[in-house]
Q: 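Have a look at the structure that comes next, please.
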Amino acid sequence: MFLDKIAGMFSQDLAIDLGTANTLVYSRGRGLVCSEPSVVAVLDKNDGKGQRVLAVGHDAKEMLGRTPGSIRAIRPIKDGVIADFEVTEAMLRYFIQRAHNRRKLARPRIVVCVPPCITSVEKRAVRESAISAGAREVFLIEEPMAAAIGAGLDVTAPTGNMVVDIGGGTTDVAVISLSGIVASRSVRTGGDKMDEAIINYVKRKYNMLIGERTAEAIKMGIGTASTETVTSSMEIKGRDLVAGIPKIVETTSDEIREALVEPIHAIIETVHLTLEKTPPELAADIVDRGIMLVGGGSLLCDLDQVLRDETKLPILRSEDPYTAVVHGAGKALDNLSLLREVALG
Ligand SMILES: Nc1ncnc2c1ncn2[C@@H]1O[C@H](COP(=O)(O)OP(=O)(O)OP(=O)(O)O)[C@@H](O)[C@H]1O
Ligand SMILES: [Mg+2]
């Protein structure tokens, strides 16, 4: 107890959004201190036993798809769940130490945001990873709850709020009232599936292979969800599948919209299915208050418009869709009674 208090005096408490695509860290009193890709580059040891972490975050993402045989760039969180615990722990430790300017002594209280469908085994694993990465106390908050707090919704009120978080790995839809999630649904479709859909489309249409990073750049550059978006075009580079040499083609936003039909349909369907499960009183609240979009995927051009047309509900986009989750968790960190109310047991 006493030692805990001393440790608390020397370390700033942290909130961490451990995302499929990006990890964000909020430090109490300092705000957002770190936002980096959730990528770790590891070197496999010669003896085949274990691995050494070479780089984390931006530096590691640069290596994705460009590594020689012995180095692997890993994304330890796939489809919104931890796929590689060892690497996730290494990544957590790196981010915690970075937030504390590499002071090894710091033992912060940490809030970690987790997917709403997390199993108890996964919960324990996240807790253990955070503890062994240096935390003195760990709280888990479901991402949609954190997103709602971050987007400024009053989650403790007896009113229904719907949040749709379109991340890299998953889209999480949740209805929140009285500090709890009343109805929710997740689908393993988000930004990554959109990138994959673009890769497959370009392969079919142009007989050309492009990498994940190129696909993401196309999506952000000219991708759209709606037929009504003004057409634009973009030159893309890749490898010709027949001749085997690099080539350049020009693609248009219409083509990319066509490529994205399936993942976008999956997202809309998930929203519909959650609305169907929502108790009527809360559904009535959502008609008045609308749906709050968060997550990087919600930035896809005209996705909000398509959701508006499909649901006939008001669609709002949070001011900063990337950071809503971590800021919500940060607000909970600043308000201990709120934190205890919304944290998972
Ligand atoms: N302008 C944009 N248009 C389309 N997609 C975008 C845009 N900006 C970012 N994205 C996508 O948003 C995704 C990342 O969003 P975010 O950081 O919210 O995910 P995450 O929290 O790491 O993932 P998850 O919540 O599934 O674990 C990436 O797939 C990225 O390509
Ligand atoms: Mg997220």
Side-chain angles (χ1 to χ4, degrees), residues 15-26 32-42 55-67 72-84 87-88 90-92 94-95 98 112-118 122 126 129 142-144 146-147 150 163-173 186-199 210-221 223 225 260 263-264 266-267 270 293-301 303 317-318 320-329:
I16 302 182
D17 172 11
L18 207 54
T20 308
N22 298 298
T23 295
L24 281 75
V25 184
Y26 169 100
L32 194 64
V33 288
C34 158
S35 159
E36 294 209 41
S38 309
V39 183
V40 181
V42 298
V56 181
H58 290 297
D59 297 344
K61 188 173 182 183
E62 281 299 310
M63 297 181 187
L64 262 186
R66 294 198 175 112
T67 51
R72 289 180 298 141
I74 302 177
R75 289 178 57 182
I77 305 163
K78 289 221 173 69
D79 298 333
V81 295
I82 297 182
D84 186 329
V87 175
T88 302
M91 192 169 82
L92 261 181
Y94 167 87
F95 286 126
R98 244 200 67 178
V112 186
C113 305
V114 294
C117 49
I118 192 167
E122 287 167 346
V126 173
S129 290
E142 290 156 302
E143 282 162 19
V163 188
V164 177
D165 180 355
I166 307 173
T170 57
T171 295
D172 302 319
V173 183
S186 293
V187 60
R188 291 187 173 184
T189 300
D192 291 345
K193 281 277 161 63
M194 296 185 202
D195 299 347
E196 244 171 66
I198 293 175
I199 293 176
I210 55 170
E212 273 171 46
R213 302 201 55 194
T214 303
E216 186 182 36
I218 297 170
K219 172 184 71 180
M220 292 176 171
L260 296 178
I264 288 173
I267 291 170
T270 309
L293 296 187
V294 303
S298 72
L299 292 169
L300 182 74
C301 181
L303 182 56
R317 193 153 46 189
S318 83
D320 200 343
Y322 269 121
T323 58
V325 170
V326 79
H327 273 133

Q: Look up atom CD1 in Ile199 and atom CD in Glu216, then write down how far apart they are to the nearest 0.5 Å.
A: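 Result: 10.5 Å between the selected atoms.
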
Q: Please report the shortest heavy-atom distance between Met63 and Ala41, naming the atom on each side.
A: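 Of all heavy-atom pairs spanning Met63 and Ala41, the closest is SD-CB, 3.5 Å.
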
Q: Which residues pass the side-chain contact (heavy atoms from CB on, under 4.5 Å) test with Cys34, not counting sequence neighbours?
A: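 Applying side-chain contact (heavy atoms from CB on, under 4.5 Å) to Cys34 gives Val25, Glu36, Phe95, Arg98.
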
Q: Listed by chain and number, what are the side-chain hydrogen bond (donor to acceptor under 3.5 Å, both in side chains) partners of Thr23, not counting sequence neighbours?
A: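 Partners of Thr23 by the side-chain hydrogen bond (donor to acceptor under 3.5 Å, both in side chains) criterion, ordered by chain and then number, come out as Ser38.
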
Q: Test of understanding: with side-chain contact (heavy atoms from CB on, under 4.5 Å), list the residues that count as partners of Ser129, not counting sequence neighbours.
A: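 Only Phe85, Glu89, Leu92 meet the side-chain contact (heavy atoms from CB on, under 4.5 Å) criterion with Ser129.
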
Q: For residues 188-195, dump all side-chain donor-acceptor pairs below 3.5 Å to protein atoms at least two apart in sequence or in another chain.
A:
| unit_1 | atom_1 | unit_2 | atom_2 | d |
| --- | --- | --- | --- | --- |
| Asp192 | OD1 | Arg75 | NH2 | 3.4 |
| Asp192 | OD2 | Arg75 | NH2 | 3.1 |
| Lys193 | NZ | Arg188 | O | 2.8 |
| Asp195 | OD1 | Lys219 | NZ | 2.9 |

Q: Grab the two heavy atoms, one from Pro144 and one from Val163, that are nearest each other, plus how far apart they are.
A: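 In this case the closest contact between Pro144 and Val163 is O-CG2, 4.1 Å.
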
Q: Looking at Ala60 and Ala55, what are the two nearest heavy atoms and their distance?
A: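 The answer is CB-O, 3.5 Å.
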
Q: Should the heavy atoms of other residues, nucleotides or ligands under 6.0 Å from CD of Glu212 be counted, would the total exceed 12?
A: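 Not buried by this count: 12 neighbours or fewer within 6.0 Å.
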
Q: Rounded to the nearest 0.5 Å, how far does CD1 of Ile16 lie from CG of Leu24?
A: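 Taking CG in Leu24 and CD1 in Ile16, the distance rounds to 10.5 Å.
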
Q: When rounded to the nearest 0.5 angstrom, what distance separates CD1 in Ile82 from CD1 in Ile118?
A: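 The distance works out to 6.5 Å.
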
Q: Taking all non-hydrogen atoms of both residues, which atom of Ser186 and which atom of Pro116 are closest, and how far apart?
A: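 Heavy atoms of Ser186 and Pro116 come nearest at OG-CG, 3.8 Å.
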
Q: Excluding sequence neighbours, so at least two apart, what forms side-chain contact (heavy atoms from CB on, under 4.5 Å) with Ala225?
A: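 Testing Ala225 for side-chain contact (heavy atoms from CB on, under 4.5 Å), a comparison that skips the adjacent residues, returns Ile264, Leu300, Leu303, Val306.
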
Q: Please enumerate all residues that pass side-chain contact (heavy atoms from CB on, under 4.5 Å) together with Pro321, with sequence neighbours excluded.
A: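 By the side-chain contact (heavy atoms from CB on, under 4.5 Å) rule, Pro321 matches Ser298, Leu299, Ser318.
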
Q: So how far is it from Ile198 CD1 to Ile218 CD1, rounded to the nearest 0.5 Å?
A: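 One finds 6.0 Å between CD1 of Ile198 and CD1 of Ile218.
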
Q: Enter the distance from Met91:CE to Ile77:CD1 here, rounded to the nearest 0.5 Å.
A: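 One gets 4.0 Å once the value is rounded to the nearest 0.5 Å.
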
Q: Which distance, rounded to the nearest 0.5 Å, do you find between the CG of Asp165 and the OG1 of Thr170?
A: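 Reported to 0.5 Å precision, the distance equals 6.5 Å.
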
